[in-house]
Each structure stands twice: as structure tokens, then as C-alpha cells.
Amino acid sequence: QVQLVESGGGLVQAGGSLRLSCAASGLTLSSYAMGWFRQAPGKEREFVATISWGGGSTYYVYSVKGRFTISRDNAKNTVYLQMNSLKPEDTAVYYCAAKVKYSTRWRANESDYWGQGTQVTVSS
């Protein structure tokens, strides 16, 4: 059974940092492109970042470029999202996702697996 379990969310002041982790089990992480999405109240789930199977390619939504960094450790079956210079508009539930094919255009309905999400709240 495939499981993606996010952790690391919380409450932080604007300008602060958080590091999210996504621990995968039941799959061979190196066979999947991994991504992070987020969903704010009343809004659709939004793509944030993706990383290719070996970590050589990454892509970010424009609003987080230069502030967020996605990385992966296939030996630990874990994907990370380092979030710096956080803004109140980054407040959302953040979800980890996996799919076989890497692409820079990743719609939510293309995901093969999802985590349960972790709340990130940025206060002003």
C-alpha cells in the first residue's frame, strides 16, 4: 500500500522559514517524479513545485520561485520543500504528490498518489 506522509507544517511569521518533508512507503521513490501542491480555503489545489526522478530537474510556480526549494533523498524515500521568506499568501494545506512521468505542467488530476496534507499558516 502506497503512503505519502507529510510533516513539518506549522505557524510562522511572515519572513520566516519552514521545511516540509514527505516520507514515502510502498513505492520505489526513484521511479516517480514528485511534487508539492497547496490548497488555500475556498481555492483550487495549486501546483507549487516538482522534481524529476533523480533530482536533476526542478520546476516552480512563479509565485514561489527563488523562495522555495524542492529536493529529494531517494535513499531515504523522502522529498522536501524548503520554504523561505514566507508570506501570508503562502498559507494553505500543502500536499505531496507522486506521478510516473516528470513534466513541468502538472495538473492535480494527473497525480498517481497523494499525501494527506500538512497545514502551513503564515501570520502577518
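Nothing here was measured: the structure is a model prediction, and the numbers come from that model.
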Does the ring centre of F37 sit less than 6.0 Å away from the ring centre of W114? yes
Interatomic distance, CZ@R72 vs OH@Y32, rounded to 0.5 Å, equals 11.5 Å
Result for side-chain contact (heavy atoms from CB on, under 4.5 Å) between L81 and one of L18, T69, L20 points to L20
Please check if the side chain of S63 supplies one atom and the backbone of V61 the other of a donor-acceptor pair under 3.5 Å. no
Any idea which heavy atoms bring G9 and V120 closest together, and the distance? CA-CG2, 4.2 Å
Pairwise distance NZ(K101) to OG(S52) - rounded to 0.5 angstrom: 14.0 Å
So, taking the atom named OG in S57 and the one named CD1 in I51, what distance separates them when rounded to the nearest 0.5 Å? 8.5 Å
Determine which pairs satisfy side-chain hydrogen bond (donor to acceptor under 3.5 Å, both in side chains) with at least one residue from residues 14-31, sequence neighbours left out, and list them in order. S17-N84
Could you check whether any side-chain N or O of N77 sits under 3.5 Å from a backbone N or O of A24, counting only pairs where one atom can act as donor and the other as acceptor? yes
Check whether any side-chain N or O of N74 sits under 3.5 Å from a backbone N or O of W53 as a donor-acceptor pair, and report yes or no. yes
Give a yes or no on this: more than 12 heavy atoms of other residues, nucleotides or ligands lie within 6.0 Å of atom NZ of K65. yes
Between T91 and K87, a side-chain donor and acceptor under 3.5 Å: no
Are V79 and I70 close enough that some pair of their side-chain heavy atoms sits under 4.5 Å apart? yes
Check for a donor-acceptor pair, side chain of E6 on one end and backbone N or O of T118 on the other, with a separation under 3.5 Å. no
Within residues 55-102 or reaching into it, pairs that qualify as ring-ring contact (aromatic ring centres under 6.0 Å, His included) - sequence neighbours excluded: none
When rounded to the nearest 0.5 Å, the distance separating CZ of R38 from CD of Q119 is 12.0 Å
Quick one, D112 with V100, criterion side chain to side chain contact (heavy atoms under 4.5 Å, CB included). Give me CA distance, side-chain angles, the key distance, then yes/no. CA-CA 7 Å; D112 294 315; V100 172; 3.7 Å; yes
Mind checking the CZ-CD spacing from R107 to E44? Nearest 0.5 Å is all I need. 12.5 Å
Below 4.5 Å, heavy atoms only, C-beta onward: do L29 and M34 meet side chain to side chain? yes
Any side-chain heavy atom of D90 within less than 4.5 Å of one from R67? yes
Nearest-0.5 Å distance that lies between atom OG1 in T104 and atom CZ in F47: 7.5 Å
Determine whether the side chains of W106 and S111 contain a donor N or O and an acceptor N or O closer than 3.5 Å. yes
